[in-house]
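Counting from 1, the numbers follow the sequence of the chain as shown.
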Amino acid sequence: MTLLGIVPGGKCLEPPIRLATRCDKTKEQMLAHLLDGALPAQREFVLETKAKMVAYCAGFGAGKTYAICAKICALALENPGTEIGRAHV
């Protein structure tokens with residue numbers, strides 16, 4: 001007998017519901033949300049699509065981490081199904 005045979009059923013023991021996405025927003029809405037409040041240089045960096053390699057150099061507290069994370073999210077939105085590291089977006 002297993003532990004699951006002893007424990008009464010509940011939501012945590014039910015199989016997970018598979019969704020194509022958990023997001024109820026469109027790609028355009030998500031991109032607008034990412035860019036909302038971004039500085040002009042961050043916005044330009046995120047929207048750049050022709051560069052094969054990207055880098056963002058700025059001073060202390062200039063939002064480098066936000067810019068890079070927003071760029072990664074924007075690229076994931078443009079390339080659904082792409083594997084990033086071990087995660088499947």
Side-chain angles (χ1 to χ4, degrees):
M1 180 176 289
T2 67
L3 180 61
L4 293 178
I6 299 170
V7 177
K11 289 186 178 184
C12 66
L13 298 177
E14 295 172 2
I17 298 171
R18 301 285 180 199
L19 301 174
T21 180
R22 293 181 182 174
C23 184
D24 60 348
K25 297 180 181 174
T26 66
K27 179 173 68 170
E28 292 77 18
Q29 290 172 324
M30 287 298 297
L31 187 58
H33 182 71
L34 280 173
L35 296 175
D36 185 38
L39 299 171
Q42 292 171 324
R43 183 182 304 271
E44 182 181 351
F45 175 75
V46 171
L47 295 176
E48 168 60 45
T49 59
K50 295 180 183 177
K52 292 187 180 203
M53 297 178 77
V54 297
Y56 192 79
C57 299
F60 180 76
K64 296 178 294 290
T65 302
Y66 182 83
I68 294 291
C69 291
K71 179 71 170 183
I72 291 168
C73 292
L75 288 171
L77 287 169
E78 289 297 321
N79 302 285
T82 302
E83 290 187 27
I84 301 173
R86 294 182 181 203
H88 186 73
V89 180

Name each donor-acceptor pair under 3.5 Å that joins a side chain in residues 31-41 to protein atoms two or more places apart or in another chain, with its distance.
none

What donor-acceptor contacts under 3.5 angstrom involve side-chain atoms of residues 70-77, with partners at least two apart or in another chain?
unit_1	atom_1	unit_2	atom_2	d
Lys71	NZ	Phe45	O	3.2
Lys71	NZ	Val46	O	3.4
Lys71	NZ	Glu48	O	2.4

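Partners of Gln29 according to the side chain to side chain contact (heavy atoms under 4.5 Å, CB included) rule, which considers only residues two or more places apart in sequence or in another chain, are Lys25, Thr26. With sequence neighbours left out, the salt bridge (Lys or Arg N to Asp or Glu O under 4.0 Å) criterion links Glu78 to Lys27. Remark: Thr49 pairs with no residue by the side chain to side chain contact (heavy atoms under 4.5 Å, CB included) rule, at least two apart or across chains.
Nearest heavy-atom pair across Gln42 and Ala67 is CG-CB, 3.9 Å.
A continuous path of ILVMFWY side-chain contacts below 4.5 Å connects Met30 to Leu47, so both sit in one hydrophobic cluster.
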